[in-house]
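See below for the structure under consideration.
All values below come from the heavy atoms of this structure, side chains included, with hydrogens, waters and symmetry mates left out.
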Amino acid sequence: MRHLPPISPFLIIVMLATGCAEFFDREIEVDALPYERQLVLTTILTPQDSLIRADVFVTAPAVGDLPPDYPTKGLVTEARVTLVGPAGSFPFAFTASGGWRTYTLPQTEARLKAGETYEVVAEWDGLTARGEVLIPERNIPLDSIILQQVVEDDGDRYVQARWPNQVGERDYYLLYADQTYRRGGNLSPDIQRELADFLHGRDALGPYLSAAFSIRADFENTVNVCQTTQATYDYLLTRGTLEVNHENPFAEPTTVANTLQEGLGLVGAANCWQFEF
């Protein structure tokens with residue numbers, strides 16, 4: 001019998017490394033990865049907002065170079081955005097002032113109402129994003145909401161909100177604070193919106209739900225305790241998970257929930273009780 005000489009461990013490592021490199025060179029072809037350009041539309045319709053906002057973006061390839069005509073940061077500024085509801089169709093206008101770069105529609109025109117269904121459509125360069133939503137009723141009794149303002153030792157201020165847990169498949173909540181800067185008795189036209197939390201009323205959360213809202217001195221602070229939709233909750237939950245996992249190479253791939261009939265994104269809704277501080 002003929003005996004072959006032993007192979008050194010170093011040579012085995014070299015062979016494995018070379019083989020792996022050749023494998024990846026052979027299997028991964030960047031140009032072959034599919035890319036379907038789509039519009040991304042996000043809006044949350046809220047009867048209490050003086051201005052309804054909608055954002056429109058266009059998707060980019062996951063790998064490789066951006067298309068030569070790709071808009072800055074994917075923001076689409078020349079889309080046709082329309083709200084369609086029981087009172088008719090109303091166009092949004094793109095607003096680029098005071099730190100805003102979004103589409104807006106005055107509430108005086110839209111007249112959003114609980115229990116009504118609305119559709120938002122965005123069209124641009126042959127692409128369409130379209131979704132509809134039913135604005136929920138405010139199932140939280142107003143007199144059941146308990147608010148407590150807290151001032152920390154370091155001067156930080158927040159409002160703690162508490163209300164009964166109405167366990168059920170339709171009990172989804174969106175909590176956020178609107179802050180308007182006040183200088184010399186005058187209010188700035190720009191409103192900063194800060195998301196506090198989003199919750200689903202489940203048995204595991206106990207008989208009461210709660211959320212904390214940051215508030216700021218020299219600002220007019222409006223705390224919003226809102227009923228929302230399951231689709232809005234799912235979108236915010238999966239988008240938050242994606243943002244957390246973005247820099248983690250070992251995290252499972254996260255798909256953001258999509259509520260649209262065409263395109264990607266969210267047409268959501270919230271109906272709020274508002275409290276000023």
Side-chain angles (χ1 to χ4, degrees), residues 40-57 73 75 95-105 107 112 133 135-136 138 140 142 145-163 172-183 186-201 205 208-229 231-246 256-257 265-277:
V40 181
L41 166 66
T42 57
T43 183
I44 298 179
L45 304 182
T46 306
Q48 292 75 31
D49 280 343
S50 58
L51 278 179
I52 304 169
R53 307 180 200 181
D55 296 320
V56 181
F57 292 84
K73 296 183 179 180
L75 177 65
T95 303
S97 64
W100 286 12
R101 292 181 61 79
T102 186
Y103 293 84
T104 60
L105 171 62
Q107 179 68 244
L112 300 176
V133 66
I135 296 184
R138 290 182 294 194
I140 314 170
L142 177 59
I145 302 174
I146 301 172
L147 301 174
Q148 180 182 7
Q149 187 172 171
V150 179
V151 180
E152 300 284 3
D153 293 338
D154 58 4
D156 287 346
R157 305 165 67 218
Y158 66 91
V159 171
Q160 185 76 32
R162 187 169 179 261
W163 66 95
Y172 294 88
Y173 307 95
L174 178 63
L175 303 311
Y176 61 88
D178 288 331
Q179 298 167 337
T180 307
Y181 183 61
R182 181 182 293 278
R183 174 181 292 173
N186 297 319
L187 288 176
S188 165
D190 299 325
I191 298 176
Q192 302 176 36
R193 177 158 293 179
E194 181 177 331
L195 177 66
D197 207 348
F198 45 92
L199 300 169
H200 177 202
L205 298 180
Y208 289 92
L209 302 176
S210 64
F213 304 81
S214 296
I215 58 176
R216 301 166 64 182
D218 299 326
F219 280 73
E220 184 177 280
N221 302 272
T222 302
V223 167
N224 296 268
V225 179
C226 312
Q227 212 87 38
T228 191
T229 66
T232 305
Y233 172 87
D234 290 342
Y235 176 85
L236 294 172
L237 180 65
T238 53
R239 191 184 71 175
T241 303
L242 176 66
E243 291 171 352
V244 170
N245 292 342
H246 180 65
V256 178
L266 167 73
V267 173
N271 198 355
C272 309
W273 293 114
Q274 296 185 305
F275 307 90
E276 293 187 359
F277 292 85

So do Lys73 and Arg101 actually touch side chain to side chain, heavy atoms under 4.5 Å? no
Across all chains, not counting sequence neighbours, the ring pair (Phe, Tyr, Trp, His ring centres under 6.0 Å) partners of Trp273 are none
I'd like to know if the side chain of Thr238 reaches the main chain of Ala257, judged simply by a donor and an acceptor atom lying under 3.5 Å from each other, with no hydrogens or angles considered. yes
One pair to check against side chain to side chain contact (heavy atoms under 4.5 Å, CB included): Gln227 and Tyr173. What are the steps and the verdict? CA-CA 5 Å; Gln227 212 87 38; Tyr173 307 95; 3.4 Å; yes
Quick one: closest heavy-atom pair of Ala269 and Thr228, and the distance? O-OG1, 2.6 Å
One should read off an interatomic distance between Leu266 CG and Thr229 OG1, to the nearest 0.5 angstrom, of 7.0 Å
In Å and rounded to the nearest 0.5 Å, what is the CG to CD distance from Leu112 to Gln107? 4.5 Å
Atom CD1 in Ile146, atom CH2 in Trp163: separation rounded to 0.5 Å? 11.5 Å
Just do the side chain to side chain contact (heavy atoms under 4.5 Å, CB included) check on Leu174 and Leu195 with the steps written out, would you? CA-CA 8 Å; Leu174 178 63; Leu195 177 66; 3.5 Å; yes
Is Phe277 close to Arg157 at the side-chain level, that is, under 4.5 Å between some pair of heavy atoms? no
Check the pair Tyr176 / Thr46 against side chain to side chain contact (heavy atoms under 4.5 Å, CB included), numbers first and verdict last. CA-CA 12 Å; Tyr176 61 88; Thr46 306; 3.8 Å; yes
To the closest 0.5 Å, what do you measure between CZ (Arg193) and CD1 (Ile44)? 8.0 Å
If we ignore hydrogens and angles and just use 3.5 Å, is the side chain of Ser214 paired with the main-chain N or O of Tyr158 as donor and acceptor? no
Geometric class of the Phe198/Tyr233 ring pair [parallel <30°, tilted 30-60°, perpendicular >60°]: perpendicular
Between Ile135 and Pro47, which heavy-atom pair has the shortest distance, and what is it? CG2-CG, 4.0 Å
Looking at Gly201 and Leu209, what are the two nearest heavy atoms and their distance? CA-CD1, 4.2 Å
Kindly write out the residues that satisfy ring pair (Phe, Tyr, Trp, His ring centres under 6.0 Å) with Phe213, not counting sequence neighbours, or none if the list is empty. none
Between Leu237 and His200, is there a side-chain heavy-atom distance shorter than 4.5 Å? no
Compare all side-chain heavy atoms of Asp178 with those of Thr180 and state whether any distance is below 4.5 angstrom. no
Can you name the nearest heavy-atom pair linking Gln160 to Ser210, along with the distance? NE2-CB, 3.5 Å
Could you give me the CA-CA distance, side-chain angles and deciding distance for Leu175 and Val225, then say whether side chain to side chain contact (heavy atoms under 4.5 Å, CB included) is met? CA-CA 5 Å; Leu175 303 311; Val225 179; 3.9 Å; yes
Can you name the one residue among Asn224, Thr222, Leu142 that meets side-chain contact (heavy atoms from CB on, under 4.5 Å) with Phe275? Leu142
Has the side chain of Gln179 got a donor or acceptor atom that lies under 3.5 Å from a matching backbone atom of Phe219? no
When rounded to the nearest 0.5 angstrom, what distance separates CG in Asn271 from CZ in Arg138? 5.0 Å
Mind checking the OH-OG1 spacing from Tyr235 to Thr42? Nearest 0.5 Å is all I need. 5.0 Å
